[in-house]
Number of protein chains: 4
Amino acid sequence: MSDGAPAERRERGRTRDAAATASILNAAMSILVEKGLAGFTIEGIAARAGVGKATIYRWWPSRGAVALDAFLDAVQPLVPYPEDEDFPTQLRVQVTALVRVFRDHEVGGVVRALMGEAQTDPDLAAAFRDRWLEARRTVGRAVFREAQRTGQIRDDLDIETAIDLVYGAVYFRLLAGHQPLSDEFVGDLVDYAVRGLAPSST
Amino acid sequence: MSDGAPAERRERGRTRDAAATASILNAAMSILVEKGLAGFTIEGIAARAGVGKATIYRWWPSRGAVALDAFLDAVQPLVPYPEDEDFPTQLRVQVTALVRVFRDHEVGGVVRALMGEAQTDPDLAAAFRDRWLEARRTVGRAVFREAQRTGQIRDDLDIETAIDLVYGAVYFRLLAGHQPLSDEFVGDLVDYAVRGLAPSST
Amino acid sequence: MSDGAPAERRERGRTRDAAATASILNAAMSILVEKGLAGFTIEGIAARAGVGKATIYRWWPSRGAVALDAFLDAVQPLVPYPEDEDFPTQLRVQVTALVRVFRDHEVGGVVRALMGEAQTDPDLAAAFRDRWLEARRTVGRAVFREAQRTGQIRDDLDIETAIDLVYGAVYFRLLAGHQPLSDEFVGDLVDYAVRGLAPSST
Amino acid sequence: MSDGAPAERRERGRTRDAAATASILNAAMSILVEKGLAGFTIEGIAARAGVGKATIYRWWPSRGAVALDAFLDAVQPLVPYPEDEDFPTQLRVQVTALVRVFRDHEVGGVVRALMGEAQTDPDLAAAFRDRWLEARRTVGRAVFREAQRTGQIRDDLDIETAIDLVYGAVYFRLLAGHQPLSDEFVGDLVDYAVRGLAPSST
DNA sequence: CTATAACCGAGACGGTACGTCCAGTCTTTGG
DNA sequence: CCAAAGACTGGACGTACCGTCTCGGTTATAG
């Protein structure tokens, strides 16, 4: 949420109302799921949460920031950590998990909304990159590095590009909507990528 | 958006003013380039174009539709058709051309704006898919099919997935902005993809 | 409004379309009666009459002018001429007739609309005065003069003021709506006025 | 329009801004006087008052309501209360005062505008009746009742009709503009009315 | 019998104002 | 000092009409 500071020194005055915060994030998430980003307004959130607009502005700089917090609140628990498998399997498990979250939990719409809004709001874009994308890439990077160490992929690989090769296609389908995020798609995608990243057969 | 139908039957009443149409698209494009989608308002376009708001609403259903027409007007001439080369070269040329258009002609920001707006506006999303993405994919598909015919890539390939493997990464970097759209990126991307799509070495 | 010049020299070109004119006045009257002056728009009249807007503007300068013509067309036949009776009876008959037209033929609303619009449109005000009020006053003046000649009212009377004494109350109730235009009202009104205008009893 | 209720219970939230209210009414009055009801727009008032349109719409339902409040603000202090005189003198003083207000203080135009607008806007019509006409009639009614008690006018008189006999003529000349609101007119009018309302000479 | 002119319907045009919504800020009362 | 309530300025929205202006097409008179 906006801050980070771990409430070091007990400050004067009334403390932040945790109930209000939770109420705001719940209201935000339910509005996002019901109506998408259109119709996602600060006034609407305040009304549904039973909260003054100023209370929202005190803690979040923009509607996108609220949406991002609500999204992370709802979605952080859902994504798995890699288990001890070979590289193709690990990659397939990771991508499948992400696609399923997008497809099954009405989360895809929220991600679309957030990335759409981020095209207009640079602060949101940065926050989304740092708090969502980068967190996921950290996990992904570990998987690729381990695969490099065990010789399952080339060691002159640009890992950032390799990650984008796989996940770019997923986000592209999510955002452009020209093709479905099917399990077959994930299978082929991982297959082509694994081959493309493998060491030269010589 | 505006038409499509080739004005078959002469209609009654005053005819559409081509000068106004051009003026609107120019104004729209220049506002998009100057200020991005924030600050891209119907009122602003009307004012800069010297046109009544109603004239815009008469022909376009939303600001996104205006932006799309303006974008296509400006960008259609810039993208090349494939020449007679081997598959890796053709792919590299195509992807490089797209990335350069995004990078060099202030067009990247417009595409970001359009795709961002499309997350909220389903009509715009459909139009963007049909009139931009699909047009580009048609070219891309031909390249992949030719490569298939000449045995440069596997013939059990899902071409749609293959296209997304390459172009997804480009759009992902454009929209998420976590890494630059550099020429090195394009080089590696095409390299990994070509390997991944190649026939089994056996 | 509509005419004036009695078609002296036959002019070149297509002549005025009488059907269109009638259609416009009918449409105007029916819109006035249905919706009042709010909702009485040139576009609405043109649409209902099946006529181009320009055709209306060619012949009338404003919506008020159309309304006035439509009103006079519909109402001129309804008001009676004075018969050969004594003054109080003549006055009562005249006022009663006017009040009944206002009450019974949905004409009251149109007069209210016209006088309301005239507060804003000086040309309409002048036309309404000349073509309606003055026409009615001419009849009224004759009645008062005859009464003066026969000694039924004072001969030092200011006839204009006397007319306003009677008709002013009627129009006031029509426009302000604070009291109904009942027959009892007319009776009392004429009674008080006749007494007030009578010669001194000495 | 705005309230009336004497702010019984102190409410939560920011209180109504008296400066904004005054600024709106001043702007409204000055626009009315300068340009009449044509050119009297909510946007114009907001601009001149330095106020958002929503602030006007929050407190008044229509431009007519604003005009009425501005009018009453400006005019309430100007009309006198009856003094201790005989009936004809009292009536003459009252009518003369009203006519002078109409003539001399640019208030006539505003009343014309209000009554014109009221022909189209029923809410305004009701408010104008209750807050202006009825307030004036209350004073007038007292004068007539006192005259009845002292035998200066008939006691079977319909006072409402009697009031309209006098004031109807004034408003008629104001609204129709066919004759001036001169002092001679007032003199004759009161003279004829007083005679007409007097008890039978027997 | 052809020009020329004024008419007609339709409807696009540049504008103005509407009334609504929301943004982001400010000012109250009250916990 | 925080929270709720809600009034404030401001700006864009999408709509409705305004009055003007082309369009293609239709009667009329004049040559």
Side-chain angles (χ1 to χ4, degrees), chain A residues 11-17 19-21 39-47 49-59 61-63, chain B residues 10-21 23 39-47 49-59 61-63, chain C residues 9-17 19-21 39-47 49-59 61-63, chain D residues 9-21 39-47 49-59 61-63:
Chain A
E11 296 162 39
R12 297 217 307 170
R14 184 169 171 176
T15 50
R16 180 170 181 177
D17 184 339
T21 304
F40 180 79
T41 65
I42 297 284
E43 293 208 332
I45 299 166
V51 140
K53 281 199 290 178
T55 303
I56 300 179
Y57 281 111
R58 205 185 326 275
W59 302 109
S62 67
R63 66 175 195 166
Chain B
R10 206 64 192 75
E11 298 162 38
R12 301 223 295 174
R14 182 172 176 176
T15 49
R16 181 170 180 175
D17 183 341
T21 304
S23 170
F40 181 80
T41 65
I42 298 282
E43 293 208 332
I45 300 166
V51 141
K53 278 199 291 177
T55 302
I56 301 180
Y57 282 111
R58 204 183 333 271
W59 301 109
S62 67
R63 66 175 196 165
Chain C
R9 206 167 43 75
R10 208 64 186 83
E11 297 164 38
R12 298 219 304 173
R14 184 172 175 175
T15 52
R16 179 170 181 177
D17 184 340
T21 304
F40 181 79
T41 65
I42 297 283
E43 294 209 331
I45 299 166
V51 140
K53 282 199 290 177
T55 304
I56 300 180
Y57 282 110
R58 206 185 328 272
W59 301 110
S62 67
R63 66 173 194 167
Chain D
R9 210 167 40 75
R10 207 65 189 75
E11 296 161 41
R12 299 225 299 176
R14 183 172 175 176
T15 49
R16 180 170 181 178
D17 184 339
T21 305
F40 181 80
T41 65
I42 298 282
E43 295 210 328
I45 299 167
V51 142
K53 280 199 290 178
T55 302
I56 300 180
Y57 281 110
R58 202 183 334 269
W59 301 110
S62 66
R63 67 175 195 165

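Every chain is numbered from 1, with letters handed out A, B, ... down the list of sequences.
The distance between atom CZ of A:R63 and atom P of E:dC21, rounded to the nearest whole Å, is 17 Å. The OH atom of A:Y57 sits 17 Å away from the P atom of F:dG6 (whole-angstrom rounding). Taking atom CG of residue B:D17 and atom C1' of nucleotide F:dC23, one finds them 12 Å apart after rounding to whole Å.
Within 3.5 Å, no donor on the side chain of B:R14 pairs with an acceptor on the base of E:dC13, nor the reverse. Scanning atom types as modelled, no donor and acceptor separated by under 3.5 angstrom connect the side chain of C:R16 and the base of E:dC7. The base of E:dA10 has none of its N or O atoms less than 3.5 Å from a complementary donor or acceptor on the side chain of B:R12. For A:K53 against E:dG24, a side-chain-to-base donor-acceptor contact under 3.5 Å is present.
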Going by atom type alone, with no hydrogens or angles, which donor-acceptor pairs under 3.5 Å involve a side-chain atom of residues 49-56 of chain A and a protein atom two or more places apart or on another chain?
{"residue": "A:K53", "atom": "NZ", "partner": "A:E43", "partner atom": "OE2", "Å": "2.9"}

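Residue B:R58 is classed as a base contact, given a heavy-atom separation below 4.0 Å to a base.
Between B:R16 and B:T21 the shortest heavy-atom distance is NE-OG1, 3.1 Å.
Each of B:A18 and C:T21 lies near DNA chain E, and the nucleotide nearest C:T21 is the one positioned closer to the 5' end. Summary of the strand contacts: D:G50 and A:G52 both lie near DNA chain F, and taking for each the nucleotide with the nearest heavy atom, the more 5' one is attributed to A:G52. Mapping A:V51 and C:A54 onto DNA chain F by nearest heavy atom places A:V51 at the nucleotide closer to the 5' end.
Between B:W59 and E:dG11 there is no side-chain N or O to OP1 or OP2 distance below 4.0 Å. Checking the phosphate oxygens (OP1, OP2) of F:dA3, no side-chain nitrogen or oxygen of A:T55 falls inside 4.0 Å.
At a non-hydrogen distance threshold of 4.0 Å, nothing from residues 39-46 of chain B comes into contact with DNA chain E.
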